[in-house]
Each structure stands twice: as C-alpha cells, then as structure tokens.
Amino acid sequence: MKTLYLECGMGAAGDMLMAALLELIPDRQVFLDKMNALGLPGVAVEVEPAVKCGITGTHMKITVHGEEEESVDVHEHDHEHHHDHDHEHDHDNEHDHEHEHHHEHEHDHDHEHEHEHEHHYDHDHDHEHDHDHEDHHHHHHTSVADIEGIIDGLDVSARVKADAKAVYALIAEAESKVHGHPISEIHFHEVGTLDAVADVVGVCLLMEMIGAEQIVASPVHVGSGYVRCMHGVLPVPAPATALILTGIPTYGGQIKGELCTPTGAALLKHFAGSFGDRPMMAVQAIGYGMGKKDFERANCVRAFLGEGENAREPLTRLECNLDDITGEELGFAQEQLMKAGAFDVYTIPIGMKKSRPGILLNVICSPENADHLAQLIMKHTTTLGIRRQDMTRYFLHRHIDTVDTTYGPVRVKRAEGMGVKKQKAEYDDLAALAVKNGVSLKEIRNAVPQE
C-alpha cells in the first residue's frame with residue numbers, strides 16, 4: 001500500500017508541507033508549471049535550496065506581483081485594523097493567525113522589524129530588512145465565500161478544489177468559535193490571501209499527484225511559550241490552532257515559539273487518516289520542507305513515501321449490558337454519544353441472567369476519546385460497569401468530492417486502498433435534488449458520474 005508519513009517534530013506550516021511533498025515527486029518542474037498556471041493573479045512559485053543543521057532541503061518561495069510577503073515578529077507600532085479575521089500567510093512555522101489577535105511575537109528572534117506601514121504579517125525571515133517605504137494597499141477583507149470563489153476559478157481538478165475548500169472550512173470553523181461569530185462573518189485579511197491560497201492549493205495538488213493510499217502523521221509539536229496580542233498575552237498554541245488540533249495528539253517542549261500554524265494544522269487534520277509512530281514501510285523517497293527560522297533542531301517537516309502494510313488504525317470498543325432502561329432513554333444516550341465523537345453506536349438484543357431480555361450497547365471510538373465516552377455512558381444509562389477493548393481496524397483512505405450533475409451538485413464520498421476503490425453519493429444531496437427536480441432518487445443517483 002502506497003504510504004505517506006509526515007514527521008512533524010518541528011510543527012507544520014503550509015509552505016513547509018508543500019516543500020516536503022515536492023521533494024517526493026520525480027519532476028518538480030511539472031508541479032511548478034502547474035502552480036504558475038493556476039490563474040492566481042500575480043502569484044509566482046519558486047523553489048529555493050535550504051540547509052538546516054547541516055541537512056539540505058527545500059524552501060518554497062511565493063511572490064505576489066514580484067514581492068515576497070514579509071514578516072513582522074516584534075511589532076514596534078500599533079495596528080489600526082479592526083476586523084474579525086486577519087488571515088496571514090503561514091510560512092515557516094511563523095504564525096499565520098487567521099484571527100484578530102495582532103501579535104507581538106516574543107520568540108527567539110535575533111532581529112527587529114521597524115515597519116512604518118500597517119501590514120500585519122505572521123511568518124519569519126532569518127534576515128533583517130528595513131523598509132523605508134510606505135505601503136498604500138487597500139485593506140479589503142476576503143470572506144470564506146470569496147476564498148471558495150477563488151479556488152473554484154483555478155485550473156485544478158474537482159478533487160483539489162474540494163480538498164482546498166475543506167481545509168479553509170476547518171480554519172473558518174475554528175475562527176468562528178474563537179470569535180463567537182457565524183462562519184459567514186469570518187473574513188480573511190487581503191494581505192497574504194493569494195499566497196496563502198497558493199500554499200493550500202499547492203499541498204492539495206501534490207497530494208493528488210502523489211496518490212498515497214494511506215497518510216499518517218506524527219504527533220504534532222506545537223512549541224511553547226506565549227504570544228502577545230492587543231488583547232493580552234495568549235499561550236501557544238493560539239486559540240484557532242488549538243481548536244483545529246482537537247482530537248489530534250500534540251505536545252509542547254523546550255522550544256519557545258509557535259511551531260504549528262492554523263493552516264498547517266488544518267492541512268494535517270484534513271489529509272492524515274491517523275496520527276502516531278511511523279508505520280512499517282519500505283521507504284522509497286524522503287522529503288525535507290524547510291522553514292526559514294533557525295532553531296537548535298532542524299526546522300523542517302520530513303515526509304516519507306513508500307510501500308506500507310495495509311492501513312490500520314487504533315480503535316476502542318466500549319460495551320455494557322442493559323436490561324432496565326427505557327427506549328427513550330437509550331435513544332437519547334445514543335444521540336449524546338454520537339454528538340460527543342463516537343465513530344459508531346449500536347445495540348444488539350441479548351438474553352441475560354434469569355432469562356431477562358436485554359440490550360448490548362456498543363460504542364466504537366478513538367482510544368483518546370474512550371474515557372470521555374465512558375463517562376457519558378455512565379451518565380445517560382443505567383449501567384454500573386463498562387467493558388473496554390482496544391483493537392485496530394483496516395480502513396480505506398477516504399475523502400469527499402463535490403461533482404456536478406445535470407440536476408445540481410452532489411457530494412460524493414470516495415474511498416480507496418487495499419486494491420479497491422469505492423464511491424457513494426451523499427443521500428441528503430440526492431434527496432434534496434430529487435425533491436427539487438421532481439424525479440426519483442434513482443435518477444439522481446444514476447446522474448452522478450462514476451470515477
């Protein structure tokens with residue numbers, strides 16, 4: 001099975017992931033030609049060699065109208081922007097906070113940027129640069145719908161578009177919860193929008209070109225310390241990043257700084273089917289995606305591509321016998337367990353002691369979520385004890401595409417691996433189109449193209 005493993009011992013950022021994946025493909029120029037023909041106005045994508053701790057790798061250089069986005073790490077000025085969502089480019093582990101926290105980064109930077117203009121950039125450069133000019137950009141804000149419109153207009157496949165929009169949806173959802181605003185009111189700052197889109201789309205395009213059947217990532221190093229913003233001092237990881245990484249194994253450490261950006265976190269969450277140690281695999285290629293900041297450790301994302309065993313992931317099954325619970329109580333308990341993140345909840349009729357009929361309640365979940373779900377079982381059922389069994393399951397790598405039909409768009413769930421491919425149209429979409437067009441469900445389903 002074609003397996004991709006992403007080693008995130010120094011966190012993850014969009015451009016670092018893109019550079020690491022790029023090193024895995026045989027012809028970089030094919031990718032660069034595709035990126036530079038996307039249709040992003042003024043955007044140019046180049047590769048630069050980079051060395052960290054004696055290791056040679058690749059750094060992605062993205063320019064917009066010939067200029068590379070600059071970083072501000074120590075802000076010597078007060079920002080005047082007042083908007084819900086500052087989406088800043090996430091180069092080099094360097095804090096692409098898509099929220100309104102105007103950070104004064106207190107990391108181990110050996111330089112100061114005395115910018116006279118009001119841009120708020122959140123990625124790092126190793127060199128000093130003094131700007132004597134004033135920027136006069138109009139600070140328009142780009143909504144989630146605007147971003148989706150940009151992506152829809154790019155010259156890439158439907159799958160790449162769907163993946164890119166799903167990544168942005170994760171970021172927008174996190175920002176929505178952080179700020180307490182609906183997703184429709186979340187806005188990305190104009191500065192950095194195009195190169196940030198290039199990062200996300202670049203990773204999605206490389207994932208399509210690589211075609212891994214199994215994608216596994218290591219636990220994510222998020223860094224440590226604090227970051228100062230206009231509202232006060234916030235801990236690392238930043239609120240949006242922490243929300244995106246919910247359910248993913250992470251850790252801090254001695255390195256001061258933000259190592260994982262919201263965009264890096266969203267890309268990992270969208271593509272990685274599981275997180276843990278590198279699986280048994282015969283490695284065929286290794287890629288190093290470098291950041292620009294120097295740390296005591298090599299600042300890179302490392303990607304391994306090779307043949308691995310059939311995909312398996314850890315699971316936990318919780319079960320208990322019930323014979324004194326009403327149907328309404330049991331149904332309510334099942335709903336709460338699913339809302340709390342259970343993969344599946346089901347019941348089996350059983351015969352219990354003293355010939356009493358009963359119900360066997362089964363809950364399938366991740367090991368990390370098992371304790372919380374066990375508490376809910378205790379709370380919402382009459383059981384006095386719960387059995388736990390840790391196991392693994394084989395699985396197919398899954399993703400969702402949106403395809404166009406003569407009746408309208410339909411989401412399609414696709415799965416592949418272990419030598420098979422499967423697809424299934426989303427029932428809710430089929431049903432809605434059947435009602436709207438006055439035709440049968442079967443007619444809508446037959447209109448969905450087969451891959």
Side-chain angles (χ1 to χ4, degrees), residues 1-14 16-28 30-31 55 57-58 157 159-160 162-164 166-167 200 202-221 245 247-251 260 264-290 298 300-315 343 366-368 390-401 413-423 451:
M1 169 174 287
K2 196 172 189 179
T3 300
L4 173 65
Y5 183 72
L6 300 172
E7 187 177 85
C8 305
M10 286 296 289
M16 295 173 70
L17 287 166
M18 178 162 46
L21 295 175
L22 180 59
E23 288 206 340
L24 300 179
I25 65 175
D27 191 345
R28 296 184 181 188
V30 171
F31 169 74
I55 301 171
T58 296
S157 69
R159 176 172 180 176
V160 171
D163 285 336
V167 170
V200 172
V203 171
C204 295
L205 179 58
L206 283 165
M207 286 293 190
E208 181 183 56
M209 294 173 70
I210 292 169
E213 298 173 280
Q214 175 183 202
I215 302 175
V216 183
S218 71
V220 182
H221 189 179
L245 291 173
I248 294 173
T250 62
Y251 62 98
C260 186
L267 286 164
L268 291 173
K269 188 162 191 173
H270 176 68
F271 282 108
S274 61
F275 291 81
D277 295 333
R278 178 154 59 97
M280 185 180 297
M281 58 187 295
V283 176
Q284 298 167 343
I286 304 174
Y288 289 83
M290 302 300 195
C300 66
V301 169
R302 189 159 62 158
F304 297 84
L305 183 65
E307 288 296 320
E309 63 178 6
N310 288 330
R312 288 191 296 167
E313 61 183 347
L315 281 182
F343 296 149
S366 67
E368 296 81 9
D390 292 310
M391 60 187 74
T392 61
R393 70 173 175 183
Y394 293 100
F395 71 96
L396 303 182
H397 181 63
R398 289 148 285 184
H399 67 274
I400 297 177
D401 290 340
K413 301 174 183 176
R414 303 191 193 278
E416 57 186 293
M418 302 179 72
V420 300
K421 288 186 177 182
K422 298 180 180 181
Q423 75 171 48
E451 188 177 74

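One is the number of the first residue; the rest follow in order along the sequence.
- The distance from the CZ atom of F304 to the CE atom of M281 is 8.0 Å, given to the nearest 0.5 Å.
- The CD atom of E23 sits 12.0 Å away from the CZ atom of R302 when rounded to the nearest 0.5 Å.
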#### Entry: Verdict with reasoning, D163 to H270, per side chain to side chain donor-acceptor pair (under 3.5 Å)
CA-CA 8 Å; D163 285 336; H270 176 68; 2.9 Å; yes

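- Annotation: the span from F31 atom CZ to L24 atom CG amounts to 11.5 Å, rounded to 0.5 Å.
- The heavy-atom pair separating G11 from V301 by the smallest distance is O-CG2, 3.5 Å.
- Exactly one residue among R159, R414, K413 makes a side-chain hydrogen bond (donor to acceptor under 3.5 Å, both in side chains) with D401. That residue is R414.
- Ring orientation note: the planes of Y251 and H221 are close to parallel, at an angle under 30° on the 30°/60° scale.
- Contact record, Y5 with A217: CE1-C, 3.9 Å, taken as the closest heavy-atom pair.
- A donor-acceptor pair shorter than 3.5 Å can be found between the side chains of T3 and Q214.
- Here the CD1-OG distance, from I248 to S366, works out to 11.5 Å after rounding to the nearest 0.5 Å.
- Contact of the E416 side chain with the H399 side chain is registered, since non-hydrogen atoms from C-beta on lie closer than 4.5 Å.
- Between atom CD of residue E368 and atom CZ of residue F275 there is a gap of 10.5 Å, rounded to the nearest 0.5 Å.
- Side-chain atoms of K2 and L305, non-hydrogen and from C-beta on, do get closer than 4.5 Å to each other.
- Pairing each heavy atom of S218 with each of G9, the nearest pair is OG-N, 4.3 Å.
- The heavy-atom pair separating M18 from G202 by the smallest distance is SD-CA, 3.6 Å.
- Minimum interatomic distance between G264 and L17 (heavy atoms only, all atoms of both residues): O-CD1, 4.1 Å.
- L21 places none of its side-chain heavy atoms less than 4.5 Å from the side chain of M209.
- The minimum heavy-atom distance linking I55 with A298 is given by the pair CD1-CB, 4.2 Å.
- Note that CD of E313 is 5.0 Å distant from CZ of F395, once rounded to the nearest 0.5 Å.
- When the shell of 6.0 Å around CG of D390 is examined, it contains more than 12 heavy atoms from other residues, nucleotides or ligands.
- When side chains are defined from C-beta on, L6 counts as touching L4, because their heavy atoms get closer than 4.5 Å.
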### Message
Test side-chain contact (heavy atoms from CB on, under 4.5 Å) on C8 and L268; report intermediate values, then the result.
### Response
CA-CA 10 Å; C8 305; L268 291 173; 3.9 Å; yes

